[in-house]
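Notes for the one structure printed next.
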Amino acid sequence: AALAPEDVPAFDAQWQEMMARATRTLDLAEVLDALAAWRRTARVTASLGIDGYRRMVMAAEHTLATGTLPPGTSRRA
């Protein structure tokens with residue numbers, strides 16, 4: 001419930017794939033690692049709010065694509 005709506009399908013798909021593998025291999029390591037990562041995403045989303053989370057993702061995507069911060073942002077120390 002703490003994920004942005006656009007993240008829910010990715011979580012659901014990953015969950016289905018991981019659980020299928022875990023059922024075959026009887027190994028939950030991948031499931032536990034992924035849940036830890038999704039929990040971090042949920043905490044950030046809850047902390048920033050969905051709109052703040054979306055702005056953070058857009059800024060990160062811009063920085064990764066261009067190597068520069070988006071216009072109007074500053075680097076925090």
Side-chain angles (χ1 to χ4, degrees):
L3 295 175
E6 59 268 28
D7 286 342
V8 173
F11 171 81
D12 288 341
Q14 185 180 20
W15 179 257
Q16 293 293 324
E17 292 171 18
M18 289 184 310
M19 289 306 294
R21 275 193 299 276
T23 299
R24 288 191 306 275
T25 64
L26 302 177
D27 183 359
L28 292 174
E30 179 185 13
V31 173
L32 297 174
D33 290 344
L35 285 176
W38 281 107
R39 273 191 215 101
R40 286 189 295 274
T41 300
R43 278 195 300 272
V44 170
T45 304
S47 174
L48 298 176
I50 290 176
D51 289 336
Y53 171 75
R54 288 175 178 150
R55 284 190 299 274
M56 181 202 67
V57 169
M58 287 174 42
E61 288 172 347
H62 174 87
T63 301
L64 289 171
T66 66
T68 63
L69 292 173
T73 61
S74 60
R75 188 176 304 260
R76 292 186 188 185

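Predicted model, so just to flag it, every value in this text is computed and none were measured.
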Query raised in the report: For Ala59, does its backbone N or O pair with a side-chain atom of Thr63 as donor and acceptor, under 3.5 Å?
Result: yes
Requested in this report: Give, for atom CZ of Arg39 and atom CG of Leu3, the distance between the pair rounded to the nearest 0.5 Å.
Outcome: 11.5 Å
Query raised in the report: For the atom pair CZ (Phe11) and CG (Leu35), what is the distance rounded to the nearest 0.5 Å?
Result: 6.0 Å
Requested in this report: Kindly determine whether Asp33 and Glu30 satisfy side-chain contact (heavy atoms from CB on, under 4.5 Å), including the steps that lead there.
Outcome: CA-CA 5 Å; Asp33 290 344; Glu30 179 185 13; 5.8 Å; no
Query raised in the report: Taking a hydrophobic cluster as the set of Ile, Leu, Val, Met, Phe, Trp and Tyr residues connected by side-chain heavy atoms closer than 4.5 Å, whether directly or through intermediates, do Leu48 and Trp38 fall within one such cluster?
Result: no
Report summary line: Heavy atoms of Val31 and Ala22 approach each other most closely as CG2-CB, 4.0 Å
Report task. Start with the C-alpha distance between Arg40 and Val44, add both sets of side-chain angles, then the distance that settles side-chain contact (heavy atoms from CB on, under 4.5 Å), and finish with yes or no. Result -> CA-CA 6 Å; Arg40 286 189 295 274; Val44 170; 5.6 Å; no
Query raised in the report: Going hydrophobic residue to hydrophobic residue with side-chain gaps under 4.5 angstrom, can you get from Val8 over to Ile50?
Result: no
Query raised in the report: Does atom CE of Met56 have more than 12 heavy-atom neighbours, drawn from other residues, nucleotides or ligands, at distances under 6.0 Å?
Result: yes
Query raised in the report: For Thr68 and His62, what are the C-alpha separation, side-chain angles and deciding distance, and is it a side-chain contact (heavy atoms from CB on, under 4.5 Å)?
Result: CA-CA 7 Å; Thr68 63; His62 174 87; 3.7 Å; yes
